[in-house]
Structure formats: structure tokens, C-alpha cells
Amino acid sequence: VTEVLEVALRIVLILAAFLVLPLLVGQTEHKAMAHMQSRLGPMYAGGFHGWAQLIADGVKFAQKEDIVPARADRFVFKLAPAVGLIPYLVVLVAIPVGPGLVAQDLDAGLFFVLAVMAVGVLGALMAGWASANKYSLLGGLRTAAQLMAYELPFLLGAASVAMAAGTLSLPGIVEAWRPWWLLWQLPGAVVFFVSGLAELQRPPFDMPVADSEIIFGAFTEYTGLRFALFLLAEYAGIVVLCALTTVLFLGGWKGPYDDALGWVWTLLKTMVLAFVVIWLRVSYPRLREDQLQRLAWQGLVPVALLQLALTGVVEVALS
Amino acid sequence: VKVPGAGLAKGLAVTWKTMTRPAVTEQYPDVQPELPPRSRGVIALLEENCTVCMLCARECPDWCIYIDSHKETVPAPPGGRERQRNVLDRFAIDFSLCMYCGICIEVCPFDALFWSPEFEYSEFDIRNLTHEKDRLREWMATVPPPPAPDPLAERPKELDAARKAVEKQAAGKPTAGRPGAERRAPSRPAADRPAKKDAHGGTEEAAADRRSDKDATDGGAEEGAG
């Protein structure tokens, strides 16, 4: 009975984190972006500095009519938001928050996490194809091109740290992590983070959604709750990417007093990274399609390969 | 020397600096805006000064000022003759047409029109944006005093003109004025009483001065006639 209770508790905690953290990131984005643009952002919803803005948005989305275009592939169209969102929920299961604080400790956790995260992008591809809309199709094609280009450096960056730690288990990587890895794995960390951003289609890598030119790409035809799910997937993706970067490259729960406050360190590092994601979005304009491809193939992939080589050399030298 | 990535860092620095500064957003309905002096909100009418010269209505580029009036005969004062004067029946500005150019205020020769900074007079019905003269009169209460000139500004021409006129008057008067002052010196205790205003708005003394001046000129005229 205690085992069942424990599993239930873990699931509830994961669900709560999945529902709260993306909203927190979204609200931070509202406010940080506003102040970076010398605005105030939401000020009314909820009374105090618009803290309930995203809840109000959710209520609004829920009230909207659920429209499926006449020529759309109904089943795929309706399934796409779920495919876009659920992988991130599943990934959260494997991410360690503190020493022993992980919903499910997997031996090949890194493999699992990277494989499942890649599924999330399929949601956008499905949406782009099923909408029967030329903008959606363009968006879907761009998503596909971006996925092809950035999945490789994403994996190579993660591979480097796995090699350094000698394990694929996420808690194992954190245990093996030492502060000087910050410098040693820095190129890998940058490559991982940047290509992760590109996979999430966050600005400045938001060519596939580019609202000002192809009207939100794959999400053009979506309204109401399904659109809200796609938005939620974006923010859940930010949380997952930042948490993963924290675990792989920033030493996860390690920090002063990490016996008691380990989970605080993980959350803190994750939120700081999430802020960086927002910061990058506000600061940089969108990359053109050819710039995107050049950055991936001529910038990130070579750097990731060099990092792999460096990791290998140092590993051999140390052993 | 160009550091690679310097542009990227600069971009981040700009947004960071902006974030640390207070936002420029005005929280208008909650916090009233601080309007600059001479803000153009609404036009106020000081009806008493209006002589129905119609200059404002004629100069208005939008033709949004409506004036109706009639002539009234003022009964003759003893020894005078009857005079006519204009009486304002209607003065209305249609603020749905007004483009806030302020030409009517500029051209008014009798200072009957003023800018007020009040701007909260939106209406649900466009017809209510036509403010009749009593409503325009109410705006007078919101007209601020003219702001002081800037510290290094040129002095207003009106001030110089007025000062010059006063000096000229003072320079042309000494023969008649100065002895008069001496003559009045014994009656000084009268000055302790609150100064009684005469019909022209001056004090009794000033009135006496004016009378003596007039006597002098009258006398001169008599001499000339004789």
C-alpha cells in the first residue's frame, strides 16, 4: 500500500510541477519582457501586478470555440497538441531534482530524455500537415528542417557530458559532476542549450512559427484549448530544456548546503536559465532560414564534435 | 579590434539596462498623467469677454464653432445717445469636428477663449460632443494660470510695451504731477483708511490725480479757445 501511495505522490508532484512551472515561466516572460521593453506588462488580472494573467488567458482559451478546418485531417489535427505536450510531461519523470529526488531513476535516463523530447517536435509536424493550410505546411516544413539541423548538435552536446561522467543515468551525471566541468564542458553546454532553444522554436529560432510572416506556422488553424496546449507545450519545453541543462552541465542540485537545499538549487538554476531564454528572446531578432541552417551545420556541429574530442582527450589523460 | 560576439553581448546589455530602469508606461486611469504646460485638452469660453466679433468662427478650419447673437439697444444715458451692443445667444464648439489647432484662441481679440488641459469628456453619443456655451463656461474653472516664462527666455513683448508706456507717461508728466503730490501731502492721514475704489478701479488719490490732470488740460483748451 505504501508503494502505491508513493507512486501516487510522485505522479501528483510531477503533475503539479508540470502545471505550475510553465505558468511561472510564462508569467516571468510576460513581466521580464515587458520591463525589458520599458513597459509594465499585465497589471490587472488577479489584482497584484497581474499575477493571474495566464490563468485568465487559460479561462479565455477554454471558452473559445473548438474549430477544425473542413479539409483538415481531423484525427491527426486533434491529436497533434497532445503529441506536442505529453512528451515534456514524460521527460519530467526522469529529471532528478535533488539527491534521490527523482520520480523514476532510469539507467539510460539521458537516452530516454533525449528520445522523448524529440517526439515533442512531431506535434508541430503533425499539426502542420493536418491543417490543410499553406502557412501551416510551410511552418511544418521549416520545423522539419530545423529538427534535422539541430537534433544532431543537441545529441552531441549531451553525449559529451555523458562521456565525461561515464554514465547515462541523470542522477549519476550529477554525482560525477565537478565544478571545473563548467569550463571543460562549456562549449558543449552552449551547443546543447542553443540547439535546445532551436528545437523548441523559441525566438530567435522561431522561423517555423514566425507569426509576422507565416502566421504562427503549424498553429495557424488552431484555436481555443488546442492552441493553449501548444503554448503550454512551448513553456513546458523551456522548463524541461532548462532543467536538463542544469542537470547535465550546471551540476543539478550541487551547491552550498545541498544536503538539505539540493532541490532549491536545481529549481534556482532552472529558473535562471529560463530567464536567460526569455532574455535571448527579447534581445535578438529572428534568424533567417539560411542563417539558421548555417549556424547549425557550420557552427554548432563542429563545436560539438570538437567538444567530444576534447572530452575524450581529457578523459584518457585523467585515467 | 572587433571581438566576435560583441554585438550579441551589446544586445543583451541593452535589454538588461532597460529592464533595470523604470518603465515609461503611464497607468492612466489609475494615475492621472502629468500634462505639460499649455496642454490642449478642451477650449473654455469666458462669455463676458465675447463681443460676437465672429473671428473665431470664421478662422476655424473645421467650421466647428457655432455662434448666434442678436443686437440689443442700450437706452441712452442722460446727455448721450442710444447705443447698440451684441448679445450672445449661442456659442457652441463641436469637439467631434475640432482638430485642436487653437486658431480660435489665437485670433480672439478679447481673450474670451482659453485652452484648458481637461481631456476627459468622451461621450457615448457624438452629438453630446457639441459643448454649448454654459458647458464651455464651466471649463473656465479648469484653465490654469499662464506658466512663468523660462529662465532664459526673451521677455514678453507685452511687458516691455506696457513698461515703455508707463515710463513715457511718467516722463511727460513731471510739471503737472510732482507739485500735485506735494499739494496733497497734508491730507496723508486719509491714506490710513482702506482705499476706496472708484468707478475706474483706481484709488481715490489716483482719481483725484486724474481729475487734476483733466482740469489742467481743460484749462489749456480753454486758453487755446480764448
Side-chain angles (χ1 to χ4, degrees), chain A residues 25 27-51 53 186-187 189-191 193-195 197-198 202-206 271-288 291-292 294-295 298-300 302-303 306, chain B residues 1-42 95-96 98-102 115-126 128-129 139 142 144 147 150-152:
Chain A
V25 173
Q27 185 70 16
T28 313
E29 174 160 46
H30 266 322
K31 295 306 268 187
M33 184 152 80
H35 283 280
M36 283 177 174
Q37 295 165 345
S38 214
R39 299 180 287 118
L40 290 170
M43 288 299 283
Y44 285 95
F48 180 75
H49 285 259
W51 67 270
Q53 183 61 46
L186 180 67
V190 171
V191 167
F193 192 61
V194 169
S195 47
L197 277 185
R202 284 286 300 176
F205 308 106
D206 62 338
M271 289 322 279
V272 168
L273 278 178
F275 176 78
V276 171
V277 171
I278 295 162
W279 193 8
L280 293 174
R281 176 193 173 160
V282 182
S283 301
Y284 299 141
R286 181 181 304 136
L287 264 67
R288 233 181 313 132
Q291 292 169 330
L292 272 176
R294 185 174 303 132
L295 176 65
Q298 297 186 352
L300 297 183
V303 171
L306 282 178
Chain B
V1 182
K2 229 179 152 189
V3 185
L8 298 179
K10 199 175 166 192
L12 289 178
V14 167
T15 40
W16 182 267
K17 259 185 267 168
T18 311
M19 188 179 69
T20 53
R21 288 193 200 115
V24 296
T25 309
E26 298 255 352
Q27 292 185 279
Y28 157 57
D30 300 328
V31 182
Q32 285 293 320
E34 269 186 40
L35 295 173
R38 304 183 190 85
S39 286
R40 299 178 171 196
V42 70
F95 284 108
S96 68
C98 178
M99 62 181 190
Y100 301 89
C101 63
W115 274 122
S116 155
E118 286 298 310
F119 58 93
E120 292 171 310
Y121 51 97
S122 57
E123 298 282 356
F124 288 105
D125 189 332
I126 196 170
N128 294 340
L129 277 173
W139 292 122
T142 65
D150 294 335
L152 294 177

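Protein chains get the first letters and strands the later ones, always in sequence-line order, with residue 1 at the start of each.
Here the options are B:Trp115, B:Tyr121, B:Phe95, the test is ring-ring contact (aromatic ring centres under 6.0 Å, His included), and the partner is B:Trp139; only B:Tyr121 passes.
The side chain to side chain donor-acceptor pair (under 3.5 Å) search around B:Ser96 returns B:Asp94, not counting sequence neighbours. When the side-chain contact (heavy atoms from CB on, under 4.5 Å) test is applied to B:Asp150, the partners found at least two apart in sequence or on another chain are B:Ala153.
Within residues 271-278 of chain A, the residues that have a heavy atom under 4.5 Å from a heavy atom of chain B are A:Phe275, listed by number.
Counting only heavy atoms from C-beta outward, the side chains of B:Ser39 and B:Phe119 never approach each other to under 4.5 Å. The side-chain heavy atoms of A:Leu280 and B:Leu12, taken from C-beta on, include a pair separated by under 4.5 Å.
At least one donor-acceptor pair closer than 3.5 Å links the side chain of B:Arg40 to the backbone N or O of B:Cys101.
Only the side chain of A:Met43 comes within less than 4.5 Å of a heavy atom of chain B; its backbone N, CA, C and O stay farther away. Contact annotation for B:Val24: both backbone and side-chain heavy atoms come within less than 4.5 Å of a heavy atom of chain A.
Within 6.0 Å of CG in B:Leu35 there are more than 12 heavy atoms belonging to other residues, nucleotides or ligands.
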All inter-chain donor-acceptor pairs under 3.5 Å (chain B, chain A):
residue: B:Leu8; atom: O; partner: A:Tyr284; partner atom: OH; Å: 2.6
residue: B:Leu12; atom: O; partner: A:Trp279; partner atom: NE1; Å: 3.1
residue: B:Thr15; atom: OG1; partner: A:Trp279; partner atom: NE1; Å: 2.9
residue: B:Thr15; atom: OG1; partner: A:Ser283; partner atom: OG; Å: 2.7
residue: B:Val24; atom: N; partner: A:Ser38; partner atom: O; Å: 3.1
residue: B:Thr25; atom: OG1; partner: A:Leu40; partner atom: N; Å: 3.3
residue: B:Asp30; atom: OD2; partner: A:Tyr44; partner atom: OH; Å: 2.8

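Considering all non-hydrogen atoms of both residues, A:Leu40 and A:Ala34 come closest at C-CB, 3.6 Å.
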